[in-house]
Amino acid sequence: MSNSTPPGWYPVPGADGTAGHERWWDGTAWTSDVRPVQAGGGQIADAPTQVAWQSPDGKSAAPPPPSYGYGAPQQGQPGYGYPAQNPPAYGYPPAAYPPPSRPNRMKTGTAVGIGIAVLAVVGVVAAVALNSGGDGPSARPPVTTVTVTDTPSPTATTPAPTTTRPTSPQPTTPPHPAPVLKDTVADPQHAITVPVFDGWEANTSGSHSTVFLGTGQYTCPGGGNCIRGQFSVEKETISGSTARAAAEAAMPTYAAAIFTNIASHTDAGSSSTTVAGIAGYAVRWHIVTSDGSKGYILMAAVPAKGGGYVAFEGGVDDAAGAPDPSVLDQILKGIKQDTSAADGSTT
């Protein structure tokens, strides 16, 4: 029979000499399994040592088996007395035996490794933060903000609204007030009456006219008396194939008589007209003299009973203080037949 130490729990002495734990001997070597000392276990003096036991004769011999009472091996393990090939060295277990493994607890080496990795990550984050604060190439680019608005799309069937801007009224020259009829004057030669408006004066004793009207007397620039407007009925008839031809032929002579040095003229609305119910024609000019003076001239021709055409003529300055040129047509339209005339004729 071999006297090698059988497998079992053996005490492990603490720092004060008191056994605090037991360690498992598997019959050939110490394992890493430990446990608290079980009740009824042996004292630390009876524990096997790891120093080779010597017999009294000085020869090495196998250490005696541990005392009973340290606890039996687990079920299926051999009991005391079973041979073991390599007995353990009795005494204190090696100082660097590893502690039993415990679940859900990190080993020291693993914890230290993780701590170093965390420090490395913190260092990288700090370096990035320092680099991002400068103006160098690693500076963070500005964040671009895009604003999206919900704009409805126009439909092909809905026409775009149109806005009509109000137009400002164009300034217009206010019309001159209608002349106020002051009186009428008779023309016995032509059996007509001629209206005299307020501001106008009549003369029936002229050498060339049966009725002469004038307004706006002033001193001429070269001396003498001038007037702003005039109208007359001529004693002598004018000739022409038609009333229009007679009026157009007589206009230049009359225009030169009331405006000196006419440089140009333009038509101011020549047209057919009616005088005292008899159809005729009226030529109208707007003239400009060499000194820049301007004026309006009227020449109307109406058939006479004895042949030819009676001439009705007049003119006004185109200047401040002059009457409105429409007054010439107002006088022409205001001529009436004089039924009280001895001969009853009108022209």
Side-chain angles (χ1 to χ4, degrees), residues 179 181 183-197 200-215 226-262 265-287 295-317 323 325-347:
L181 180 63
D183 197 0
T184 59
V185 60
D187 179 359
Q189 178 180 333
H190 302 107
I192 57 175
T193 59
V194 179
V196 181
F197 295 114
W200 289 73
E201 299 297 332
N203 185 359
T204 59
S205 59
S207 59
H208 300 287
S209 59
T210 55
V211 176
F212 180 87
L213 305 176
T215 183
C226 291
I227 54 178
R228 293 294 183 187
Q230 67 178 28
F231 183 90
S232 64
V233 181
E234 295 299 302
K235 290 181 178 180
E236 301 293 330
T237 60
I238 56 175
S239 60
S241 58
T242 61
R244 178 174 180 173
E248 290 177 345
M251 173 62 92
T253 302
Y254 176 69
I258 62 175
F259 286 98
T260 59
N261 301 319
I262 296 175
H265 75 273
T266 57
D267 188 273
S270 300
S271 64
S272 300
T273 189
T274 300
V275 178
I278 301 175
Y281 191 88
V283 176
R284 300 176 180 89
W285 279 6
H286 179 263
I287 61 93
Y296 291 93
I297 304 174
L298 168 71
M299 172 62 69
V302 176
K305 282 187 175 182
Y309 296 90
V310 178
F312 299 87
E313 53 196 26
V316 295
D317 290 342
S326 64
V327 71
L328 300 178
D329 281 287
Q330 293 289 340
I331 295 173
L332 195 63
K333 291 179 181 179
I335 296 174
K336 307 295 183 183
Q337 292 185 7
D338 185 3
T339 57
S340 64
D343 59 359
S345 64
T346 55
T347 55

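For clarity, every value in this text was computed on a predicted model and none was experimentally measured. The figures that follow rest on heavy atoms only: side chains count, while hydrogens, waters and symmetry mates do not.
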Could you tell me which non-hydrogen atom of Phe231 sits nearest to which non-hydrogen atom of Trp200, and how far apart they are?
N-CZ3, 4.2 Å

Checking the side chain of Thr193 only, and the main-chain atoms of Asp338 only, is there a donor and an acceptor separated by less than 3.5 Å?
no

CZ on Arg284 to OH on Tyr296, rounded to 0.5 Å:
12.5 Å

Which of these, Leu328, Val283, Ile331, sits in a side-chain contact (heavy atoms from CB on, under 4.5 Å) with Leu298?
Leu328

Trp285 and Thr266: side chain to side chain contact (heavy atoms under 4.5 Å, CB included), yes or no, with the steps?
CA-CA 6 Å; Trp285 279 6; Thr266 57; over 6 Å; no

Between the main-chain N or O of Tyr281 and the side-chain N or O of Arg244, is there a donor-acceptor pair closer than 3.5 Å?
no

Here the pair of heavy atoms bringing Val211 nearest to Ala186 is CG2-O, 4.0 Å

Does the Thr242 side chain pair with the main chain of Ala245, one donor and one acceptor, at a distance under 3.5 Å?
yes

Are Glu234 and Glu313 side-chain neighbours, meaning at least one heavy-atom pair lies under 4.5 Å?
yes

Nearest 0.5 Å, please: how far is CD in Glu248 from CD1 in Ile238?
11.0 Å

I want to check something: taking the side chain as every heavy atom from C-beta on, are Val194 and Thr184 in contact at a cut-off of under 4.5 Å?
no

With side chains defined as the heavy atoms from C-beta onward, is the minimum distance between Thr215 and Ile227 less than 4.5 Å?
no

Walk me through whether Gln230 and Ser232 qualify under side chain to side chain donor-acceptor pair (under 3.5 Å).
CA-CA 7 Å; Gln230 67 178 28; Ser232 64; 5.9 Å; no

Could you tell me whether the side chain of Gln189 and the main chain of Lys235 form a donor-acceptor pair under 3.5 Å?
yes

How close do Tyr309 and Ala246 get, heavy atom to heavy atom, and via which atoms?
CD1-CB, 3.6 Å

Which residue, Val185, Val275, Asp187, forms the side-chain contact (heavy atoms from CB on, under 4.5 Å) with Ile192?
Asp187

Determine the minimum heavy-atom distance between Pro323 and Arg228, stating which atoms define it.
CD-CB, 3.9 Å

Check step by step if side chain to side chain contact (heavy atoms under 4.5 Å, CB included) holds for Val233 and Phe212.
CA-CA 7 Å; Val233 181; Phe212 180 87; over 6 Å; no

Would you say the side chains of Gln337 and Thr339 form a donor-acceptor pair under 3.5 Å?
no

Nearest heavy atoms of Ala300 and Leu332, plus distance in Å:
CB-CD2, 4.0 Å

Verdict with supporting geometry, Thr210 and Thr204, side chain to side chain contact (heavy atoms under 4.5 Å, CB included):
CA-CA 6 Å; Thr210 55; Thr204 59; over 6 Å; no

What one should report as the nearest heavy-atom pair of Ala279 and Val302 is O-CG1, 4.3 Å

For Asp329 and Ser326, does a side-chain donor sit closer than 3.5 Å to a side-chain acceptor?
no

d(Ile335 CD1, Thr274 OG1) to nearest 0.5 Å is 12.0 Å

Side-chain contact, heavy-atom cut-off 4.5 Å: His286 with His265?
no

